[in-house]
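Encoded as structure tokens, the structure appears first; notes follow it.
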Amino acid sequence: MTKLLEVRRLCMDFGGLRALDQINLEVNSAEIVALIGPNGAGKSTFFNCITGIYRATGGDIFFTSAHGKKKRLNRLKPNKITQAGMARTFQNIRLFTEMTVLENIMIGRHCRTKSGILGAVFQGKSNRIEEKQVVDFSYEVLTEVGLEEQVNELAGNLSYGAQRRLEIGRALATEPDLILLDEPAAGMNLQETGELNELIMKIRSRDHAILLIEHDMKLVMSLSDRIYVMDYGKKIAEGQPADIRQNPQVIKAYLGEEFELT
Ligand SMILES: Nc1ncnc2c1ncn2[C@@H]1O[C@H](COP(=O)(O)OP(=O)(O)OP(=O)(O)O)[C@@H](O)[C@H]1O
Ligand SMILES: [Mg+2]
């Protein structure tokens, strides 16, 4: 078992607000780990710091890709972090709504090509061969996330659940060792959530580790190998689902929330 992600004493201050206070967290290869906590606990801020969207004000982020050696990710730009092997989705879906489903996936894929997006525009022969590989690979990913019949639809015309799956596909297209999902079930109906559960299991079976922020406790409890719980920027608990469910501090943090830990 490889330790993929190792976060040490991560801090993030927004002016006087300490959104992350000395957070330690690890994800091992092929693990599904959940990061939960009430609204405003700091979960998305944690993702934003480890993916280079925000620059953490303290602490260290180490990542060891499946083939690589241990790398310190502090201060790296988001595209470099994706190249290192960590990809993500966003709490508020971020797609190119005026582009097709296929094009959205291809953009994700170009982080793994030599010619990049410009090469796809100014096409030489080697670029054309590479471009064909990008298209073929993108079709594979679209099949994986169940969007093979909507390849030429505009992303903005997809149902909400399908847009979330497309975002997961775009992350998968970068061939990540670790994929970070920020509330993938938000706004989904029961059937879509069931399909998402299956998709996450399938992703793990292909040797991707998953770090999942989610408020749907049923999904969290059924999928996770381990769970970290945050409240007001601090980690208040970590452990296996059965332990977290009964942890008094966790129950207290969730008092007054609309969801249950059962
Ligand atoms: N860019 C920012 N500037 C200032 N404060 C911020 C910024 N981003 C987040 N915060 C604050 O940091 C705290 C943590 O927010 P964050 O979005 O990480 O919470 P969360 O756990 O993801 O909550 P939710 O479950 O509602 O998505 C909140 O108090 C929020 O207002
Ligand atoms: Mg959030």
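Note that this is a predicted model, so its numbers are computed, not measured. We number each residue from 1, following the sequence as shown.
Taken together through direct or relayed side-chain contacts under 4.5 Å among Ile, Leu, Val, Met, Phe, Trp and Tyr, L180 and V33 form part of one hydrophobic cluster. Under the 4.5 Å side-chain contact rule for hydrophobic residues, I213 and M217 do not share a cluster. By the rule that hydrophobic residues join a cluster once side-chain heavy atoms approach within less than 4.5 Å of another member, L154 and M106 end up as members of separate clusters. In terms of hydrophobic clustering, with Ile, Leu, Val, Met, Phe, Trp and Tyr side chains grouped at heavy-atom distances under 4.5 Å, I61 and L20 are assigned to a common cluster. Under the 4.5 Å side-chain contact rule for hydrophobic residues, L199 and Y160 share a cluster.
For K80, the NZ atom sits in a loose shell: 12 or fewer heavy atoms of surrounding residues, nucleotides or ligands are nearer than 6.0 Å. Crowding of Y232 atom OH: a count of heavy atoms from other residues, nucleotides or ligands under 6.0 Å not exceeding 12. Enclosure of atom CD in Q240 is not indicated, since only 12 or fewer non-hydrogen atoms of other residues, nucleotides or ligands lie within 6.0 angstrom. Residue-environment remark: CG (D136) exceeds the threshold of 12 foreign heavy atoms within 6.0 Å.
For S205 against K202, the heavy-atom pair with the smallest separation is OG-O, 2.6 Å. In this structure, V250 and I236 approach most closely via the heavy-atom pair CA-CD1, 4.2 Å. Minimum interatomic distance between E192 and N189 (heavy atoms only, all atoms of both residues): N-OD1, 2.7 Å. L73 and F63 get closest at one heavy-atom pair: CD1-CB, 3.7 Å. The shortest heavy-atom contact between C11 and R18 is SG-NH1, 3.6 Å. Residues K3 and N28 share a closest heavy-atom pair of CA-OD1, 3.5 Å.
At distances below 3.5 Å, at least one donor-acceptor pair connects side-chain atoms of T82 with backbone N or O atoms of P78. Of the possible polar contacts, none joining the H215 side chain to the E183 backbone as a donor-acceptor pair under 3.5 Å is found. A distance-only check finds a donor-acceptor pair linking the side chain of N74 to the backbone of G59 [under 3.5 Å]. Between the D225 side chain and the I32 main chain, a donor and an acceptor come within less than 3.5 Å of each other. Of the possible donor and acceptor atoms, one in the side chain of N104 sits under 3.5 Å from a partner among the backbone N and O of F96. The main-chain N or O of N24 is found under 3.5 Å from a side-chain atom of K235 such that the two form a donor-acceptor pair.
You'll find the side chain of I81 stays beyond 4.5 Å of the side chain of R88, heavy atoms only. With a 4.5 Å cut-off on side-chain heavy atoms, M230 and T45 do not count as touching. Here the side chains of F62 and D60 are in contact, with some heavy-atom distance below 4.5 Å. Side chains of R164 and L196 form no contact here, defined as non-hydrogen atoms less than 4.5 Å apart. At least one side-chain heavy atom of M99 sits under 4.5 Å from a side-chain heavy atom of I107. Proximity of L223 to N197: side-chain heavy atoms (C-beta onward) are separated by under 4.5 Å at one or more points. Counting heavy atoms from C-beta outward, S29 and D207 have side chains that stay 4.5 Å or more apart. Contact of the M221 side chain with the I227 side chain is registered, since non-hydrogen atoms from C-beta on lie closer than 4.5 Å.
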Checklist entry - What do the steps show when you test L211 against L25 for side chain to side chain contact (heavy atoms under 4.5 Å, CB included), and what is the final call? => result CA-CA 10 Å; L211 181 58; L25 181 148; 4.2 Å; yes

Next on the checklist: Assess the residue pair I244 and Y228 against the criterion (side chain to side chain contact (heavy atoms under 4.5 Å, CB included)); give the C-alpha distance rounded to whole Å, side-chain angles, the decisive distance to 0.1 Å, and a yes or no.
Outcome noted: CA-CA 8 Å; I244 293 298; Y228 290 90; over 6 Å; no

Checklist entry - Yes or no on side chain to side chain contact (heavy atoms under 4.5 Å, CB included) for E238 and E26, after CA distance, side-chain angles and deciding distance? => result CA-CA 11 Å; E238 67 179 278; E26 290 172 7; over 6 Å; no

Next on the checklist: Pair I50, L10 - check side chain to side chain contact (heavy atoms under 4.5 Å, CB included), show working.
Outcome noted: CA-CA 9 Å; I50 66 173; L10 199 70; 4.0 Å; yes

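Taking CZ of R94 as the reference point, atom OG1 of T89 lies at 10.5 Å (rounded to 0.5 Å). Rounding to the nearest 0.5 angstrom, the gap separating the CD atom in E167 from the CD1 atom in I105 is 10.0 Å. For the atom pair CZ of R55 and CG of N48, the computed distance is 14.5 Å after rounding to the nearest 0.5 Å. Atoms CD and CD1, from E31 and I210 in turn, are 10.5 Å apart once rounded to the nearest 0.5 Å. Rounded to the nearest 0.5 angstrom, L181 CG and F90 CZ are separated by 12.0 Å. In this structure, S159 OG and L166 CG are separated by 10.5 Å, a value rounded to the nearest 0.5 Å.
Between T193 and D216, the side chains place no donor N or O within less than 3.5 Å of an acceptor N or O (distance only, hydrogens not considered).
Between R109 and E175 there is a salt bridge, with a side-chain nitrogen of the basic residue lying less than 4.0 Å from a carboxylate oxygen of the acidic one. Comment: R206 engages E144 in a salt bridge, judged by a side-chain N to carboxylate O separation of less than 4.0 angstrom.
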